[in-house]
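Working notes, structure below.
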Amino acid sequence: MTSVRLYDSLTQEKRTFEPRDGDHVTMYFCGPTVYNYIHLGNARPFVISMVAKRYFESLGYKVTLVENITDVDDRIIQKAIAEGRTSADVAREFADAYIEDTDRLGLGRPDIEPYATEHMPEIIDLVERLVAAGHAYQAGTDVYFDVDTFEGYGSLSKQQTAEMRHGARITPGEAKADALDFALWKGAKPGEPSWESPWGPGRPGWHIECSAMSLKYLGPGFDIHGGGRDLIFPHHENEIAQAEGALGGEFVRFWVHNGMLNTKDEKMSKSIGNIFMLREALKEYRPEVLIAFFVGSHYRSPMDFSRELLAEAGQQVGRLRNLFRTLDDYISGGGDADAVPSDARAAGAPSSDAEVLAAAEARRVIFDEALADDLNTAAALGEVFALSREANTALAAGTLTAIGASALRKRIGAMVHILGLDAAAEVDDEVPADVHEMATQRQVARAARDFAEADRLRDAILARGFEVRDSADGFKVVPGE
RNA sequence: GGCGCCGUGGCCGAGAGGCUGAGGCACGGGUCUGCAAAACCCGAUACACCGGUUCGAUUCCGGUCGGCGCCUCCA
């Protein structure tokens with residue numbers, strides 16, 4: 001099995017990745033808190049986690065990917081109050097929207113998507129264990145984690161507790177003993193959603209649900225815990241404290257954090273107001289264009305977002321679509337039958353199948369090596385394009401057999417699938433009958449050398465959103481990009 | 001202020017101590033085409049700056065300048 005190296009934010013080094021459970025990879029990625037639609041920045045870790053899953057699967061691993069949905073939280077409550085609805089109502093609306101939006105990406109779904117509100121027993125149990133272990137204390141109706149009792153606190157965010165205490169404050173209404181302590185359980189205020197607990201009715205603090213659910217589904221010391229860089233502190237720092245405080249052992253083996261998505265060098269953030277909702281983006285761009293955009297950079301790099309960059313990703317996807325379109329036509333045309341210097345074949349020129357497939361194999365090796373090196377999707381995508389050119393060259397030369405071409409298609413398709421771009425390989429150009437008829441008429445006009453009419457028809461076809469491409473033996477109508 | 005990351009050609013974006021600097025987009029020139037599109041071929045300019053280590057650094061070390069993230073809700 002290929003040896004994968006992964007960068008671990010905790011140790012700040014790339015290490016060889018070996019799953020805890022042999023051929024089973026266990027991963028947990030922090031999903032959304034559902035108080036609003038998700039934006040493009042939120043979509044990045046979703047895409048990364050799904051691509052990582054596909055990559056591990058391509059290596060023969062079985063993967064269990066858990067991605068939570070946090071459906072009880074201060075922000076949800078705030079929104080509910082502001083809109084005069086129940087917290088559960090708000091949470092359900094945006095949880096559904098999240099599923100809907102990410103579904104449209106076409107990457108499939110994580111294996112388990114647990115909701116915080118459905119895991120109260122596990123959450124309460126974890127808090128109880130922390131209290132029993134002396135890591136947490138009750139203050140009024142709240143329960144707080146006592147940061148001083150956890151020696152490694154700050155090790156993920158590389159911060160000294162003394163340093164952190166400088167700016168920290170205790171917000172009014174909180175009964176914590178130390179400004180750095182954080183709430184594990186919050187007593188319910190009137191009108192807030194609440195669950196019964198040993199400390200009275202209340203709800204979990206942010207952070208604890210992720211520790212409880214990841215431990216429930218993946219167990220102690222699972223392989224990969226991921227999320228955006230901005231989650232390092234306090235979210236993941238606190239998760240480590242909670243989980244390891246309760247466990248007395250290792251919580252996670254690799255911490256994986258993706259870089260932020262910025263607009264004009266500024267983080268895409270709701271407070272700054274420069275957000276682009278995923279659902280809005282999907283109205284303007286094909287899902288695979290968004291995926292190509294993400295996959296085009298290394299996951300740890302910060303990325304800039306702009307329409308220009310999205311348009312560029314669109315060009316890349318178009319290039320892939322053209323390749324698969326050509327491949328499909330070639331295969332269905334029976335190899336070198338169409339648009340090909342048949343004299344070359346007639347003269348007994350050998351098929352270049354072996355040659356091209358060897359090239360594909362070589363590309364695949366580099367592709368795999370790139371992904372094995374901390375999931376370098378950008379380099380891997382580069383190999384796909386390089387192979388794409390080689391494929392186009394062979395296709396244009398017409399020296400492939402249909403069998404060779406379809407083997408080639410399969411190989412490129414497999415690479416494209418790992419990167420989440422299979423939609424670019426599934427080219428089914430539905431052309432309305434009347435548009436096809438116009439194209440046929442245009443052929444007639446061309447044959448009659450009535451180019452004015454031919455051009456008129458092409459414009460008419462274009463107006464319908466399609467593009468005619470002439471070839472040696474006819475024409476092809478494709479949807480305009 | 002503390003912690004972390006980054007600075008590659010017109011743009012995006014890989015990369016490695018020395019091999020012809022991946023790939024994509026854009027641009028220019030070709031091939032093909034009635035025209036066009038697609039595809040293919042060719043093309044210039046880069047490694048922020050200053051030192052150091054080295055036979056040799058864009059790649060390692062130090063500093064300068066610039067940018068970003070976290071330290072407060074945040075993917």
Side-chain angles (χ1 to χ4, degrees), chain A residues 9 12 29-33 35 38-49 73-75 78 154 157-160 162-169 171 206 226-235 237 257-262 265-272 275 292-293 296-298 300-304 306 308-309 311-323 325-326 339 366 370 373 376-397 445-446 449-452 454-455 458 462 467-472 475-476 478 480-481:
Chain A
S9 306
Q12 296 174 287
F29 262 68
C30 285
T33 296
Y35 64 102
I38 66 162
H39 61 238
L40 243 30
N42 299 314
R44 174 127 92 141
F46 181 87
V47 171
I48 290 164
S49 65
D73 176 82
D74 290 354
R75 288 162 290 165
Q78 275 170 26
S157 55
K158 318 298 172 212
Q159 302 203 81
Q160 304 296 318
E163 201 58 52
M164 284 189 269
R165 244 183 286 268
H166 281 318
R169 276 182 313 190
T171 48
W206 182 43
R229 272 195 82 90
D230 54 352
L231 251 29
I232 289 177
F233 191 90
H235 189 57
E237 191 73 73
H257 293 102
N258 63 271
M260 298 292 96
L261 181 65
N262 304 140
D265 287 339
E266 244 182 359
K267 183 168 89 164
M268 183 175 286
S269 148
K270 290 165 193 176
S271 51
I272 300 172
I275 46 173
F293 168 68
S297 298
H298 183 88
R300 278 194 285 120
S301 306
M303 285 183 88
D304 277 325
S306 69
E308 290 69 34
L309 292 171
E312 195 182 310
Q315 291 298 314
Q316 297 187 322
V317 168
R319 190 170 163 73
L320 291 177
R321 289 172 65 80
N322 281 331
L323 169 65
R325 193 135 50 198
T326 308
I366 302 172
D373 183 15
N376 191 341
T377 53
L381 184 61
E383 286 310 304
V384 172
F385 284 117
L387 175 55
S388 161
R389 190 180 55 238
E390 289 159 355
N392 273 136
T393 299
L395 254 13
R446 283 186 69 211
R449 302 195 70 77
D450 182 357
F451 298 123
D455 289 346
R458 179 168 52 211
L462 207 55
E467 183 186 318
V468 204
R469 295 178 182 171
D470 296 325
S471 61
F475 65 89
K476 175 143 185 81
V478 302
E481 297 298 339

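These numbers were taken from a predicted model, which means no experiment stands behind them. In what follows, every chain begins at residue 1, and chains take the letters A, B, ... in the order their sequences are listed.
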Check whether the side chain of [X] and the base of [N] form a donor-acceptor pair under 3.5 Å.
X: A:Asp455; N: B:rG34; answer: yes
X: A:Glu312; N: B:rG24; answer: yes
X: A:Asp304; N: B:rC12; answer: no

### Task
State which of B:rA36, B:rA16, B:rG4 makes the closest approach to the side chain of A:Asp373.
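The answer is B:rA16, which lies nearest to the side chain.
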Does [X] reach a base, just sugar-phosphate, or nothing at all? Heavy atoms under 4.0 Å.
X: A:His235; value: nothing
X: A:Asp74; value: nothing
X: A:Phe451; value: base
X: A:Val468; value: base
X: A:Ser301; value: sugar-phosphate

What interatomic distance, in whole Å, is found between [atom1] of [M] and the corresponding atom of [N]?
N: B:rU53; M: B:rG62; atom1: C1'; answer: 11 Å
N: B:rC49; M: B:rA57; atom1: C1'; answer: 15 Å
N: B:rU33; M: B:rC27; atom1: C1'; answer: 22 Å
N: B:rC11; M: B:rC19; atom1: P; answer: 24 Å

### Message
With side chain to side chain contact (heavy atoms under 4.5 Å, CB included) as the criterion, how do A:Leu261 and A:His39 come out once you've worked through the C-alpha distance, each side chain's angles and the decisive distance to 0.1 Å?
### Response
CA-CA 10 Å; A:Leu261 181 65; A:His39 61 238; 5.9 Å; no
### Query
Within the structure, does a side-chain N or O atom of A:Arg458 lie under 4.0 Å from either OP1 or OP2 of B:rA37?
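So the side-chain polar atoms of A:Arg458 never come under 4.0 Å of the phosphate oxygens OP1 or OP2 of B:rA37.
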### Message
Measuring to OP1 and OP2 of B:rG24, would you say a side-chain N or O of A:Arg319 lies under 4.0 angstrom away?
### Response
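For B:rG24, OP1/OP2 do have a side-chain N/O of A:Arg319 under 4.0 Å.
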### Message
side chain to side chain contact (heavy atoms under 4.5 Å, CB included) for A:Tyr35 and A:Gln78? Distances and angles first, verdict last.
### Response
CA-CA 9 Å; A:Tyr35 64 102; A:Gln78 275 170 26; over 6 Å; no
### Message
Under 3.5 Å, is there a donor on one side chain and an acceptor on the other for A:Arg325 and A:Asn322?
### Response
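Result is yes, a qualifying pair exists.
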